[in-house]
Amino acid sequence: MAEKDDFSQWYLDLVYKAELADESPVRGCMVIRPYGYALWENMQRAMDARIKATGHENAYFPLFIPGGFLEREAEHVEGFAPEVAVVTRAGGEELTEPLVVRPTSETVIGHLYAKWVQSYRDLPLLYNQWCNVVRWEKRTRPFLRTSEFLWQEGHTVHRTEEEAEAETLLILNDVYQDFFLKELAIPGIPGLKSESQKFPGALRTYTIESLMGDGKALQSATSHNLGQNFARSFDIQFQDADGVVKHAWTTSWGASTRMIGGLIMVHGDSSGLRMPPRVAPVQAVIVPIWRKEEERAAVAEAVGKVEAALRAAGIRVKSDWREERPGFKYNDWELRGVPVRLEIGPRDAQNGQVVLVPRTDRAAKETVSQDGVARRVQEVLETIHTTLFEQALAFRKSRTYQVSSYDEFREILADRARMGFIEAWWCGDGACEAEIKAETQATIRCLPLEHPEGAGTCVHCGRAAGVWAIFAKAY
RNA sequence: CGGGGUGUAGCGCAGCUGGUCAGCGCGCAUGGUUUGGGACCAUGAGGUCGCCGGUUCGAAUCCGGCCACCCCGACCA
């Protein structure tokens, strides 16, 4: 595996060697292998629970969208047209109207919502779907940017602007940010996107931005207040209590398999992946060790007992009986990021013990009794979650800079070893933002929800500035 | 779409001034010795040398065309 100083190669090696994914015969697409898919399923389960806990229901809308639908919202079509895949031929003949493979489903869903919404009594409509989408990307990387990816997209309809805005923020905070903190151990920063970076067709876009191990930012989830734009384009109207027919307010929000890329780049180290325990496909692996056949029998008995105890405690456990040497297995499971390793050899079998090694700190190896091992593993899993989070937070802080001069801004972004989030005042002018991008390749990642009061001068143009922004180079 | 590069075994590569050039490492299979931090020995399986055409007695090797992929840039809510 490449060393971490060649970060993009390190990332690719890790994805393939840990067997999360493989290349596909179609350029830009990706095969998610069982280990990667198990991770995705765990993430889905945790995310889905939050989506439902906040009052949403799952549904499913079609893969194909009538070509004309995208065009109904001007900004939307402009934003997505270049990356849309279109089916022009099917059933052995040319289609009278080409079908777009969904890049996102605002339009089809809008079409149906127009039908389903009649009265203010029908609102709010709170639906979500888990599906695949296609966006033809020129440059792809597994998980981070693929032509087809898996995600969830929520689409809601509300009676008022305030309600829609509250929904957008509820998702951002109670679903996404909570998920990042509690499941992935990633300290993301919730914030508002600038005009140039918002979703095509949205009024406002909120985002969770997280900092990767190489100092670049990753947009990890987004939540959009669509205003009445799509309601107007698709005639989503309702008769309000006052008898007046009004356009509804809609939102949409999504999080994708890209989060897996984020998880890798935030937590991975030179030995490989480090899975956050709560979503890890395997939380504890048991490596049996023996020399002679008679030892094997005793070890097997202890392994069986420990495995059963862990399973009974709800821990996802696997024992590795492959015909390989222990050292090979240690490295292999470290590469795959399994949080806890349990070693059981003849001595341990004899003494009723197991050796427990946390992935985050090999030196913290400890010997525990077989009777208490399930409880101890649970504790260690919690500790590992906290450790991962704290390490990621410490890294983010060490790579976050508040600058007052543009020279300093440029210096930091030009230095691979220091690159990260730059916080500064910004005048709010899109032209100024574009110049910064042209000169430094950095973009405004977000206008963080938590920011200093007051005002200053724009880090680029020096004019009076009332907006606190986070800049970074991004994936 | 612009600039550069690469296509030879599952993966990574050597061979490329035409003639023992079908090879190496890893991986894989079989047998044995091993096993508390990436084992070793032996045997073996596996390739239309990206594709098409040309030059030649003879092409992985030279020439032409095509295709694919990679890197840098542009693009990327």
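All chains are named by letter (A, B, ...) in the order of the sequence lines, taking the proteins before the strands, and each is independently numbered beginning at 1. Predicted, not measured: the structure shown is a model, and the values here were computed from it.
Taking a 4.0 Å limit (strictly below) on heavy-atom distances, residues 59-77 of chain A does not reach RNA chain B anywhere.
Comparing the C1' positions of rG25(B) and rA9(B) gives an interatomic distance of 12 Å, to the nearest angstrom. Comparing rC13(B) with rG7(B), their C1' atoms sit 12 Å apart, to the nearest whole Å. With both ends at atom C1', the span from rG32(B) to rC69(B) equals 43 Å, rounded to whole Å. rG64(B) sits 15 Å from rU6(B) when the P atoms are compared, rounded to a whole Å. Separation of the P atoms belonging to rG5(B) and rC63(B) is 15 Å when rounded to the nearest angstrom. rC66(B) and rU30(B): their P atoms are spaced 47 Å apart (whole Å). rG4(B) and rU8(B) have their P atoms separated by 22 Å, given to the nearest Å.
Here Gly79(A) lies out of heavy-atom contact (under 4.0 Å) with every strand. Base engagement by Pro346(A) is indicated by at least one non-hydrogen atom pair under 4.0 Å involving a base atom. The residue Val355(A) sits close to a base: some heavy atom pair falls under 4.0 Å.
Not a single ring pair (Phe, Tyr, Trp, His ring centres under 6.0 Å) links Tyr475(A) to another residue, sequence neighbours left out. Legend: residues meeting ring pair (Phe, Tyr, Trp, His ring centres under 6.0 Å) with Trp468(A), ordered by chain and number and at least two apart, are Trp425(A). Residues satisfying the side-chain contact (heavy atoms from CB on, under 4.5 Å) test with Ala202(A), not counting sequence neighbours, are Phe199(A), Thr205(A), His224(A), Leu226(A). When the ring pair (Phe, Tyr, Trp, His ring centres under 6.0 Å) test is applied to Tyr206(A), no partner is found at least two apart in sequence or on another chain. Qualifying salt bridge (Lys or Arg N to Asp or Glu O under 4.0 Å) partners for Glu411(A), counting only residues two or more places apart in sequence or in other chains: none. Under the side-chain contact (heavy atoms from CB on, under 4.5 Å) criterion, Arg291(A) pairs with Glu295(A), not counting sequence neighbours. For the ring pair (Phe, Tyr, Trp, His ring centres under 6.0 Å) test, no residue two or more places apart in sequence or in another chain qualifies with His247(A). Annotation: side-chain contact (heavy atoms from CB on, under 4.5 Å) contacts of Ala38(A) (sequence neighbours excluded): Pro281(A).
Taking atom CD on Glu83(A) and atom C1' on rC75(B), their separation rounds to 10 Å, with Å as the unit. Between the CZ atom of Arg145(A) and the P atom of rA74(B) there is a distance of 13 Å, given to the nearest Å. Between the P atom of rG37(B) and the CD atom of Glu334(A) lies a distance of 12 Å, rounded to the nearest Å. Arg341(A) places its CZ atom 12 Å from the P atom of rG36(B), with the value rounded to the nearest Å. Atom-to-atom, CD of Gln441(A) to P of rC75(B) comes out at 10 Å; the value is rounded to the nearest Å. Atom NZ in Lys473(A) sits roughly 14 Å away from atom C1' in rG73(B) (whole-Å rounding). Rounded to whole angstrom, the span from the CZ atom of Arg362(A) across to the C1' atom of rG36(B) amounts to 14 Å. Rounded to whole Å, atom P of rC76(B) lies 9 Å from atom NZ of Lys138(A).
In this structure rG58(B) sits in no base pair that meets the Watson-Crick or G-U test at under 3.5 Å. When both pairing distances are held under 3.5 Å, rC69(B) makes a Watson-Crick or G-U pair with rG5(B). Look at rA29(B): its Watson-Crick or wobble partner, with both distances under 3.5 angstrom, is rU43(B). The partner of rC76(B) is absent, by the rule that a Watson-Crick or G-U pair needs both atom distances under 3.5 Å. Remark: rA14(B) base-pairs with no nucleotide; criterion is Watson-Crick or G-U wobble with both hydrogen-bond distances under 3.5 Å. Nucleotide rG64(B) has rC52(B) as its partner under the Watson-Crick or G-U criteria, with both atom distances under 3.5 Å.
Of the charged side-chain nitrogens involved, at least one lies within less than 4.0 Å of a carboxylate oxygen, so that Glu366(A) and Arg376(A) count as a salt-bridged pair. The pair Glu324(A)-Lys329(A) does not count as a salt bridge, with every side-chain nitrogen at least 4.0 angstrom from each carboxylate oxygen. Salt-bridge check for Arg232(A) with Glu73(A): failed, with every basic side-chain N at 4.0 Å or more from each acidic carboxylate O.
Closest contact between the side chain of Tyr330(A) and the listed nucleotides rG36(B), rG38(B), rA74(B) involves rG36(B). The side chain of Asn331(A) lies closest to rG38(B) when the candidates are rC76(B), rG38(B), rU35(B). The nucleotide whose nearest atom lies closest to any side-chain atom of Phe328(A) is, among rG36(B), rA39(B), rA74(B), rA39(B). The side chain of Glu343(A) approaches rG36(B) more closely than any other nucleotide in the set rG36(B), rG38(B), rA74(B).
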Thr443(A)/Arg445(A) under side chain to side chain donor-acceptor pair (under 3.5 Å): CA gap, chis, key distance, verdict = CA-CA 6 Å; Thr443(A) 49; Arg445(A) 301 320 305 159; 2.7 Å; yes
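Taking the ring centroids of Trp151(A) and Trp253(A), they lie at or beyond the 6.0 Å cut-off. Within the 6.0 Å centre-distance limit, the rings of Tyr406(A) and Phe409(A) are counted as a close aromatic pair. Ring centers of Phe61(A) and His155(A): at least 6.0 Å apart, outside the cut-off.
Within a 6.0 Å sphere centred on CD of Glu435(A), other residues, nucleotides and ligands contribute more than 12 heavy atoms.
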Distances under 3.5 Å between nitrogen or oxygen atoms of protein and nucleotides 68-71 of chain B:
from, atom 1, to, atom 2, distance (Å)
rC70(B), OP2, Arg27(A), NH1, 2.6

For nucleotides 26-34 of chain B, tabulate all protein N/O to nucleotide N/O atom pairs closer than 3.5 Å, reporting atom names and distance.
from, atom 1, to, atom 2, distance (Å)
rU34(B), O2', Arg325(A), NH1, 3.3
rU34(B), O2, Arg325(A), NH1, 3.4

Short N/O separations, protein against nucleotides 6-12 of chain B, under 3.5 angstrom:
none

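Side chain Asp332(A) to base rG38(B): no donor-acceptor pair is found below 3.5 Å.
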